[in-house]
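Lettering follows sequence order; numbering is per chain, from 1.
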Amino acid sequence: MKKGKIAPRYDFAKIEKKWQKIWQEKKLFEIKLDGAKKPFYNLMMFPYPSAEGLHVGGVYTYTGVDTFGRFKRMQGYDVFEPIGLDGFGIHSENYAMKIGEHIDEVSKRTEKNFYRQLGSIGNMFDWSRTVETYKPEYYRWTQWIFLQMFKKGLAYQKKAKVNWCPSCKTVLSDEQVIQGQCERCDSFVDKRELKQWFFRITKYADRLLKNLDWIDWPEDVKTNQRNWIGRSEGANIKFKVEYTGEEKSELEVFTTRPDTLFGATYMVLAPEHELVNKAREAIENFDEVERYAKKAISKSEQERKNDEKTKTGVELKGVSAINPVNGDKIPVWVADYVLAGYGTGAIMAVPAHDQRDFEFANKFGIEIRQVVAPYFPAKKTSDLPVREDRKTVKRNVVYGVVKNPKTGKFLMISWKDYPGKSFIIGGAKDNEDIINAARREVTEETGYANLKFVKKSQFEIHASYFAVHKDENRYGVINWVYFELADETKKEIKKEDEGKHKIFWVKEKEVDKELPYTNYHYAWKTLTSGKECATDNGIMINSGFLDGLKTDEAKTKILKWLEKEKVGKKSIDFKLRDWCVSRQRYWGPPIPIVWCKECAKKENKTKVLFLHGFEGNGECNWFPELKKKLEKAGCEVFSPTMPSPESPKFEEWMNEIKVYMDKMGENDVIVGHSLGSGAAMHYLGRTNQKLKKVFLVAAAVGDGPRRDWDALRKAWPTADVDSLEKFWKHKIDWKSVNKSVLKETRVIFSKDDPYIDPEHYKLVDLDDVVLEKWDGLKHFITASCPKLTDYITENIVGDISPVAVPVPDESLPVELPPMENFLPEGTGKGPLARNEEFVKTTCPVCGAEAERETDVSDPFVDSSWYFFRYPSTEFNDNAFDPERTKKWLPVDSYIGGKEHTVLHLLYSRFVTMVFKDLGLIDFEEPYKRFFGHGLITKEGAKMSKSKGNVVNPDDMIEKYGADTTRMYLRFLGDFSQGGDWRDSGVEGMSKFVKKLWTLFSELKGEGVGLGNLSMIDKTVKVVGEDLERLSFNTAVARLMEFTNWAKENKAVFNKEEAAQVRKVMALVFSPMMPHLAEEFWEKIGGKDSVCNQSWPKYNKENIIDSEIELVVQVNGKLRDKVVVSKDVKEEEAKKLALESENVQKFIEQKEIKKVIYVIGKLVNIVV
RNA sequence: GCCCGGGUGGUGGAAUCGGUAGACACGAGGGACUUAAAAUCCCUUGAACGCAAGUUCGUGCGGGUUCAAGUCCCGCCCCGGGCACCA
């Protein structure tokens, strides 16, 4: 360096500010979306900013995406790189709660700070098109999407068990529950049954799965999605169920292994299964069964987690199922290892071939029947494979396994011409007892005579191989028999057998190592572990017409049979559940639904069932009057006459009630009079039927002993009091009734009722019960009773559940009202329910007073479509403009963290498919290419505030500048794997950048000329390739090599060479260090901006060196290197290699077997 | 338990199709410049043996295929992430 010409200091702060200002002023990154010739949508995952500011992990992603985007821009694409933020949601809300501020204020501050930080990292964001989910301009369209879903039947409400954190007093989404515990406070979550809104994503399960076959995504991400969707192919099979001697009903199961049907030895129902109650009369141990089922259902997540390992269950005594394939009667159990929500909530258990069934059967001593034999066909690498041209002979084979209890060692044998050691193998004649056969073989071959039988396999193994000595294929049915040596007495071995084999005693641990074939390993494993449960494919045995088939063939055949016999059919099940989008929180888009009672009344279809009493009928008393009133109000009324009302039979009445109840549902009502009331209670106590309300008029529901039946007989000589008494004395299951009546029970009685003592009503054991004590109406046997009929009509019609009316598209958005107090209360309703002004509204259809839905939607809904909005932010008539969307979507490159690869990607794919089905777009996969990057850690540990090892991007940018930070982040590891942040690493990078800065001004071109600039071509080529496949760390390494080369030769370059080096330097560094590159570009007098330049071209010919280094190996080991011309002939190369001095040492006096030449790479001499 | 990643020097990490293992860095050691330090520059740096040329070993462990294995196959171990009684 010449004296006095010291290069100016690298003042990154000044340079970076300067260029950021210029970019903004020139609007360089505000792409003209309509005019773009080569649109390239460069998308990063929607930031979910924390109020604490940008995380260095965020910088890692965004600058990585930007480096790729800038490279694409230099390749001539019109790169659109939008930014926005996903600000709604529980995380922001919780943070605001924690610091005791209002979420609204916090969000404003967060947004400002976040955008400021993002402005400093040097990305080419288009700041004219930001999107924030909590702005009404945006969530208006989120709500609009909800409405389209609703209108298509894809959004619906249902009661569902949701995660409830007792400490946070709120509902949690599945992803906030980690191993049964609340993500925030670690309390164990409960399950609460609440009405929730759902999106019917399951309808798209097949499509979501199938498209994975062709979209350009990393395999691991696709696998994750496949597992989440969880498709399993199998069959639904119907089993007849018998109890109390008759065939009563059917039980349908789902199985993925219909081929194992012959091995089903019991059935298992989920505790919630309806058959548990349906068959209650027949279940001999119903109390026990019920106790078990109820306990299992009410188990908390914590208990479930604790009990997971142990299998529990109760048999339904008196109930059995009939296996359709062989007519076997098999027991039915209820157990909580069967889940109500999957398949049909019931299984056929095949303990021999399912791990869970196996454990269960072992515990409860249920038969285990093997129907699949593990199959081991010989492979070329071990035994000899079957020869098609030879006959096949079946052979029963025994493996005699002998242990010497004194030494703990096992007896093994080795044969000539036979690899490894084995157990004592022998054949058994067809009728021969397997134990005797094994005993005989052991004694014949080893001489040991006193063997104590321990156990034999429950399980046979099949193997096929070609037996050379017999010139035939053998098909072995193998069983093992396990003995212990009683003593070491030996008999003499036959002369002819002597010398053919040797015997050994081998330690238990080493037995496995000695065994040559997989079938031995398998046998040994089952023997030592006791787990004779084969879940893999194999050959069918003990299975009638399936015998001998392989698993796949057997599946096909049994499916055909099931369909032919009409007892089953192919069926596909998914693990994917519908997407719960309700949140009982404040900070989200209100769900745009209005609940209207008037509309409900207009379309009132409430069904009402009248149940008359003893000696009554469907048209008796005040029934006709009530019927008229109810029908006028739109109700559908059933008023049947029960079988023989004058001598009522319990069973007959139950069956008759069922006929009507089967037509009724959750919004319907029963009106019972006298004994009819009692009948209703009995019915509801015996089924899972759900009803809205029950009216019990002059109810006959009390317990028996209080009644004086003899007195009644005397007072009422014409009546069949015997029959009445019998009916009356059945016990009512109040708990079950409570579950059935969703809203309330109204009991109406008169104090002067001659038949029912008012004391009876104290026995009504219900939760929500309204007692109406009236006077002077006796037993309500009167043709007209306006007081009663008006009361009931008003109560039914006035209490119709409102219907969901969608807010009209043009009334959107339903704005989130400002609320001083936005905290959740834990009542199961969101904070919006407290805001009367918000709740009270008018129905958009009928104009009547109505109430707004108070749930808000899941933030995942917001982020499932944001990329549609970016290109269309200026359009206010639709969520996204069709033309714009056609031009810019699907997204060309989507980059984001792997942690979101399941839910977010799946949801946005689903929403895109719905858009397609709505005719809004003509593609159904939103992302052409997805790339999941890894996470960065700090010195090997996860960054977290509590550990105090968080890297603050602001600090880094202040200390080292954005360019150096960007460069270091690119260098610290493979983008897909993530990397480890080291402070010393940034320091090193900082030194490198300073060096580069100095070098750039030192390249003055005052030398004589280097003559060969092929390094430039190589760098341009390789760095370009690396950037294309997002291999940033190697690209940085190449750039460093290039820099080192330039530094070494800085004094040699002539003027022209130096100029070329400087120009390339500005260009190739620009995707990673955009500010610095702009500065370089300006220094060399470049026009325009460096980011508008093309990626440099390289000359292929310059890259190929005229001379190459050829590696010379002897037996694959490096011995020498020779320099040869690039187009050296094979002969010449081999000759040169053999002549090499060092090679001579290794090949002299040895025979050269072979010389291998790999073109342009190496010569390998085999001696 | 199941699924998906991963395991390479003192450290972060390269090695794209089975073909020179350790690119590029950090750190460390030695040296130069300096009164000194910082900064900068130069050299060494997988291990063992050797004055050296060089040789042997070496990519979690044990086998195998191959002229040749970090890379492919079989069986394990460990770490990280996800799912978890899904029939």
(message) Please compare A:Asn1115 and A:Gly343 by the position of their nearest nucleotide in RNA chain B and report the one closer to 5'.
(response) A:Asn1115

(message) Taking any heavy-atom pair under 4.0 Å as a contact, classify A:Leu1162: base, sugar-phosphate, or nothing.
(response) base

(message) Can a donor-acceptor pair be found, under 3.5 Å and without considering hydrogens, that links the side chain of A:Arg369 to the backbone of A:Pro351?
(response) no

(request) State which residue, out of A:Ile201, A:Asn224, A:Leu208, fulfils the side chain to side chain contact (heavy atoms under 4.5 Å, CB included) condition with A:Ile229. (result) A:Leu208

(request) Whole angstrom is fine here: how far is it from CD in A:Glu252 over to C1' in B:rA87? (result) 14 Å

(request) Can you label the angle between the A:Phe364 ring and the A:Trp333 ring as parallel, tilted or perpendicular, going by 30° and 60°? (result) tilted

(request) List for me each residue that meets salt bridge (Lys or Arg N to Asp or Glu O under 4.0 Å) alongside A:Asp259, sequence neighbours excluded, and say none if there are none. (result) A:Arg257

(request) Considering only atom P, compute the distance from B:rG54 to B:rG63 and round it to an integer number of Å. (result) 32 Å

(message) Looking at A:Asp354 and A:Val350, would you say the former's side chain and the latter's main chain have a donor-acceptor pair under 3.5 Å?
(response) no

(request) Could you pick out which residue, A:Lys1047 or A:Gly979, lies toward the 5' side of RNA chain B when each is mapped onto its nearest nucleotide? (result) A:Gly979

(request) Measure the distance from CD1 on A:Ile936 to C1' on B:rG81 and round it to the nearest whole Å. (result) 17 Å

(message) Among residues at least two apart in sequence or on other chains, which ones pass salt bridge (Lys or Arg N to Asp or Glu O under 4.0 Å) with A:Glu1028?
(response) A:Lys72

(message) In whole Å, measure the gap between the C1' atoms of B:rC74 and B:rC67 for me.
(response) 23 Å

(request) Mind checking salt bridge (Lys or Arg N to Asp or Glu O under 4.0 Å) for A:Asp216 and listing every partner two or more places apart, or none if nothing turns up? (result) none

(message) Anti or syn, where syn is a glycosidic angle within 90° of 0; which label fits B:rG9?
(response) syn

(request) In whole angstrom, give the distance that lies between atom NZ of A:Lys1117 and atom C1' of B:rG19. (result) 16 Å

(message) Students often get this wrong, so: under 4.0 angstrom with heavy atoms, is A:Asp974 touching a base, only sugar-phosphate, or nothing?
(response) sugar-phosphate

(request) Could I get the full list of side chain to side chain donor-acceptor pair (under 3.5 Å) partners for A:Thr551, not counting sequence neighbours? (result) none

(request) Kindly label the base of B:rC17 as syn or anti, based on whether its glycosidic torsion lies within 90° of 0. (result) syn

(message) From CD1 of A:Ile572 over to P of B:rA87, roughly how many Å is that when rounded to an integer?
(response) 13 Å

(request) Would you check if there is a donor-acceptor pair between the side chains of A:Asn537 and A:Tyr375 at a distance under 3.5 Å? (result) no

(request) Could you tell me whether A:Lys222 and A:Asp220 have a side-chain N and a carboxylate O separated by less than 4.0 Å? (result) no

(request) Take nucleotides 21-33 of chain B nucleotide by nucleotide from the 5' end and write B, S or -, depending on whether a protein heavy atom sits under 4.0 Å from the base, only from the sugar-phosphate, or from neither. (result) --BBSS-------

(request) Find the distance A:Lys311:NZ to B:rA87:C1' and express it as a whole number of Å. (result) 12 Å

(request) For B:rG13 and B:rC85, measure between their C1' atoms and round to the nearest Å. (result) 42 Å

(request) Apply salt bridge (Lys or Arg N to Asp or Glu O under 4.0 Å) to A:Arg231 and A:Asp206, showing your working. (result) CA-CA 8 Å; A:Arg231 181 183 196 271; A:Asp206 239 342; 3.6 Å; yes

(message) Whole angstroms only, please: what is the CZ-C1' distance between A:Phe358 and B:rG1?
(response) 15 Å

(request) Could you check which of B:rU16, B:rC67, B:rU56 has an atom nearest any side-chain atom of A:Arg1119? (result) B:rU56

(request) Output all residues satisfying side-chain contact (heavy atoms from CB on, under 4.5 Å) with A:Asp963, sequence neighbours left out; order by chain, then residue number. (result) A:Tyr10, A:Glu16, A:Arg966, A:Met1073, A:Pro1074, A:His1075, A:Leu1076

Review item, nucleotides 6-11 of chain B N/O atoms under 3.5 Å of protein N/O:
residue : atom : partner  : partner atom : Å
B:rU11  : O2'  : A:Arg982 : NH1          : 3.2

(request) Check the distance between B:rA87's P and A:Arg257's CZ and give it to me in whole angstrom. (result) 12 Å

(request) Please check the phosphate of B:rC67 (OP1 and OP2 only) for any side-chain N or O of A:Lys1154 closer than 4.0 Å. (result) yes

(request) Tell me, please, which residues at least two apart from A:Ser990 pass side-chain contact (heavy atoms from CB on, under 4.5 Å). (result) A:Tyr960, A:Thr964, A:Lys994

(request) Please list, chain by chain and in numerical order, all residues satisfying side-chain contact (heavy atoms from CB on, under 4.5 Å) with A:Ser1031, sequence neighbours excluded. (result) A:Asp1026, A:Arg1029, A:Asn1033, A:Thr1034

(message) Between A:Glu219 and A:Arg226, does any side-chain N to carboxylate O distance fall below 4.0 Å?
(response) yes

(message) From C-beta outward on A:Leu339, which listed nucleotide comes closest to its side chain: B:rG19, B:rA87, B:rC3?
(response) B:rA87

(message) Wobble G-U and Watson-Crick pairs count when both distances are under 3.5 Å; given that, what is the 5' to 3' dot-bracket string of RNA chain B, with | for pairing to other strands?
(response) (((((((..(((......[....)))((((((.......))))))((((....))))..(((((..]....))))))))))))....

(request) Kindly write out the residues that satisfy side-chain contact (heavy atoms from CB on, under 4.5 Å) with A:Val314, not counting sequence neighbours, or none if the list is empty. (result) A:Asn285, A:Glu288, A:Val289, A:Tyr292, A:Val334

(message) By the 4.0 Å heavy-atom rule, please label A:Val221 as base, sugar-phosphate, or nothing.
(response) nothing

(message) Taking only the P atom of each, what is the distance from B:rC76 to B:rG29 in whole angstrom?
(response) 46 Å

(message) Taking atom types as they are modelled, would you say the side chain of A:Asn1164 forms a donor-acceptor pair with the base of B:rC67 within the 3.5 Å cutoff?
(response) yes

(request) Ignoring the backbone of A:Asp1026, work out which of B:rG19, B:rU16, B:rC67 is nearest its side chain. (result) B:rU16

(request) Would you mind reading off the distance between A:Lys1161 atom NZ and B:rG18 atom C1', rounded to a whole angstrom? (result) 10 Å

(request) Go through residues 227-237 of chain A and report each residue with a non-hydrogen atom lying under 4.0 Å from RNA chain B, sorted by number. (result) A:Asn227, A:Trp228, A:Ser232

